[in-house]
Amino acid sequence: MTAQENDKAAWLKGPLADCSTIPVARGRSWRLVLLGAPGIGKGTQAELLNQRLRACHLSTGDVFRAALKSEGEPSAAMTDALGYMKRGDLVPDEVVINMVAERERCMQCAGGFLLDGYPRTVDQARALDELLRKKNVALDAVLSFELPMEKVIARLGGRRVCSKCRKTYHITHNPPATEGICDACGGDLFQREDDRPEAIAVRMKAYEESTAPLIEYYEKQNLLLRIPAEGSPEEICEAALKGLGAE
Ligand code: AMP
């Protein structure tokens, strides 16, 4: 089974762009938020869930990285946001909330969505609730991938990303067939600037302070599904699908 072919233009480029295809949801449209510390394998889970449920993998980090690589001149707000990102800091809530609000079409998409990296703070979660309410849609669940912090830190240093198609690997847990080369498209793998040791420390602190309260927020809404992130990526994904009742 391969992932959908959608180029996700409406998400990656913004409201003026149209997606190459609108994914056809499998069975029903799934609207999910994925939570978990950086490096826990959320990106890999999002890809696997995309293959199974068809919902688009929507990552706010990917929007920033796409803007970084784009040839056009970024807006003043985006230039400011990219400065925070390069330092390993969280981008201010207002900027990210506006960026997602501009992409409201994706929230209503018949294919559903897998939000990865958003919301990251309780204020962002409130803004998402409001946006979804306005669009007359609701989250089906929030998947929280969980692992002890020491193991998360060990995983981060080994992550590699394809420079062409963005597929993620891990040098020991999920290595490509040929070292440094993407299995899917043959692109070169690289280590993200924010996966380097100096940035990791900043990101873990930001995660603990800002994101952990989201667990409580969604638990209160009865949406939280805790998934132990141990085992192979496929086993973890099966556990998530089972929890959703979407096997
Ligand atoms: P990610 O790929 O999700 O780890 O995001 C990479 C970087 O983009 C983060 O370290 C932040 O600088 C920025 N970023 C992405 N999503 C958000 C968000 N929801 N809130 C604040 N900053 C974000």
Side-chain angles (χ1 to χ4, degrees), residues 25-62 90 93 96-97 100-101 104 106-109 111-153 155-156 168 203-247:
R26 182 149 297 157
R28 52 173 288 189
S29 324
W30 288 95
R31 296 193 169 90
L32 305 175
V33 165
L34 312 185
L35 289 184
I40 205 149
K42 249 185 313 143
T44 305
Q45 288 307 314
E47 278 173 37
L48 293 173
L49 288 167
N50 163 241
Q51 289 168 17
R52 299 290 290 268
L53 304 175
R54 299 281 149 185
C56 280
H57 171 202
L58 303 183
S59 149
T60 37
D62 280 351
L90 285 179
D93 280 345
V96 194
I97 287 170
V100 173
E104 59 180 18
C106 298
M107 303 294 108
Q108 270 187 310
C109 178
F113 59 74
L114 306 163
L115 266 179
D116 168 14
Y118 186 87
R120 249 185 173 88
T121 65
V122 171
D123 281 347
Q124 291 180 16
R126 290 204 185 98
L128 177 63
D129 279 351
E130 206 176 302
L131 182 63
L132 295 178
R133 237 191 326 269
K134 207 174 90 191
K135 295 279 124 193
N136 259 321
V137 290
L139 290 178
D140 294 297
V142 174
L143 302 179
S144 170
F145 295 97
E146 303 189 348
L147 197 69
M149 197 52 84
E150 323 79 74
K151 291 194 181 175
V152 174
I153 292 171
R155 278 194 191 181
L156 266 178
T168 57
R203 290 169 71 203
M204 293 317 272
K205 190 162 171 280
Y207 174 75
E208 294 219 309
E209 284 174 5
S210 310
T211 316
L214 284 178
I215 305 269
E216 202 182 326
Y217 180 86
Y218 285 122
E219 206 156 36
K220 281 193 186 140
Q221 292 193 17
N222 255 334
L223 284 172
L224 196 76
L225 205 54
R226 291 178 187 272
I227 314 291
E230 302 267 11
S232 69
E234 289 74 20
E235 285 165 346
I236 299 168
C237 180
E238 286 306 324
L241 291 170
K242 195 167 171 211
L244 290 170
E247 295 153 277

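Note that the structure is a prediction, hence the values are computed from the model and not measured.
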Do [X] and [Y] touch side chain to side chain, with heavy atoms closer than 4.5 Å?
X	Y	result
I227	S144	no
L34	F145	yes
L90	V96	no
V142	I215	no
L48	P233	yes
Y218	P213	no
H57	Q51	no
L128	M107	yes

For the pair [X] and [Y], find out whether any cationic side-chain nitrogen is under 4.0 Å from an anionic carboxylate oxygen.
X	Y	value
K42	D116	yes
R28	D140	yes
K135	E130	no
D123	R126	yes

Consider only side-chain N and O atoms of Q221 and D129, and report whether a donor and an acceptor are under 3.5 Å apart. yes
Only one of L32, L58, V33 clears side chain to side chain contact (heavy atoms under 4.5 Å, CB included) with L114; which? L32
CA sep, side-chain torsions, deciding dist, call: R226, E219, side-chain contact (heavy atoms from CB on, under 4.5 Å): CA-CA 10 Å; R226 291 178 187 272; E219 206 156 36; 3.1 Å; yes
Could you state the interatomic distance from [atom1] ([X]) to [atom2] ([Y]), rounded to the nearest 0.5 Å?
X	Y	atom1	atom2	result
L143	L224	CG	CG	8.5 Å
I40	L156	CD1	CG	9.5 Å
W30	L49	CH2	CG	10.5 Å
E104	C106	CD	SG	10.0 Å
L132	F113	CG	CZ	5.0 Å

Check [X] against [Y] and note the closest heavy-atom contact, atom names and distance.
X	Y	result
A55	N50	O-ND2, 2.9 Å
C109	R31	O-NH2, 3.1 Å
L214	A125	CD2-CB, 3.6 Å

Tell me which donor-acceptor pairs under 3.5 Å the side chains of residues 234-245 have, and how far apart each pair is, sequence neighbours excluded?
unit_1	atom_1	unit_2	atom_2	d
E235	OE1	S232	N	2.9
E238	OE2	R52	NH1	2.6

Run the side-chain contact (heavy atoms from CB on, under 4.5 Å) check on T44 and E47 step by step: do they pass? CA-CA 5 Å; T44 305; E47 278 173 37; 5.6 Å; no
Excluding sequence neighbours, so at least two apart, what forms side-chain contact (heavy atoms from CB on, under 4.5 Å) with A127? I97, Y118
